[in-house]
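One-based numbering along the sequence shown.
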Amino acid sequence: MDKKKIEQIANTYGWHDQCQVAIEECSELIQAICKHRRRFSHWSLSNMFDCPERDHIIEEIADVEIMLSQLKYLLNADEKVELKIEKKLDRQIQRIKEDGYELD
């Protein structure tokens, strides 16, 4: 992702406006996922590909990731977010192991 573009957009609109846009984009991603689940209530991975609902989810993921990048920049929190992500990933891996799942 182009860091300079993220910063230019975030600086132009500022925290208040971009918080609202982030909320809206997260909501649109939730709606896209729900529509996909309604269409493929008992889906397998092979059913997920090549459908408009999948394309819509991909578009909304991109929008959310852009907004999250702007929020991290505006909060000056890139490193803190990365540390939190690593801790949460490690915790979930531990839970998976405790539940008896085998990992690669």
inquiry  = Any heavy-atom pair between the side chains of Leu29 and Ile57 that's under 4.5 Å?
reply    = yes
query = Transitively linked via ILVMFWY side-chain contacts under 4.5 Å: Trp15 with Tyr73?
reply = yes
query = Out of Gln92, Arg91, Glu86, which one pairs with Lys88 under the side chain to side chain contact (heavy atoms under 4.5 Å, CB included) rule?
reply = Arg91
key: Intermediate values then yes/no, side-chain hydrogen bond (donor to acceptor under 3.5 Å, both in side chains), His56 and Glu60   = CA-CA 6 Å; His56 191 201; Glu60 297 306 334; 3.2 Å; yes
task = Group every Ile, Leu, Val, Met, Phe, Trp and Tyr by side-chain heavy-atom contacts under 4.5 Å, then state whether Val64 and Ile33 land in the same group.
result = yes
remark   = Rounding to 0.5 Å, atoms SG (Cys19) and CG (Leu75) come to a distance of 7.5 Å
message = Is the shortest side-chain heavy-atom distance between Gln20 and His16 below 4.5 Å?
response = no
request  = Would you name the heavy atoms of Ala22 and Leu71 that are closest together and state the gap between them?
outcome  = CB-CD1, 3.7 Å
inquiry  = I'd like to know if Glu53 and Lys35 make a salt bridge, using a cut-off of under 4.0 Å between side-chain N and carboxylate O.
reply    = no
ask   = Under a 4.5 Å cut-off applied to non-hydrogen side-chain atoms, are Gln18 and Ile9 in contact?
value = yes
key: Heavy-atom side-chain proximity of Asp2 to Ile6 below 4.5 angstrom   = no
query = Is the closest side-chain heavy-atom distance between Glu59 and Asp55 below 4.5 Å?
reply = no
ask   = Leu68 and Ile61: same hydrophobic cluster, using ILVMFWY side-chain contacts below 4.5 Å?
value = yes
Exam field: side chain Ser27 to backbone Ile23, donor-acceptor pair closer than 3.5 Å = no
key: Same apolar cluster (I L V M F W Y, side chains within < 4.5 Å links), Tyr101/Ile93   = yes
inquiry  = Quick check: do Arg54 and Cys51 have side-chain heavy atoms less than 4.5 Å from each other?
reply    = yes
inquiry  = Contact between Glu82 and Lys72 at the side-chain level, heavy atoms closer than 4.5 Å - yes or no?
reply    = yes
note = When rounded to the nearest 0.5 Å, the distance separating CG of Leu83 from CD of Glu79 is 7.0 Å
note = NZ (Lys5) and CD (Gln70) are apart, to the nearest 0.5 Å, by 13.0 Å
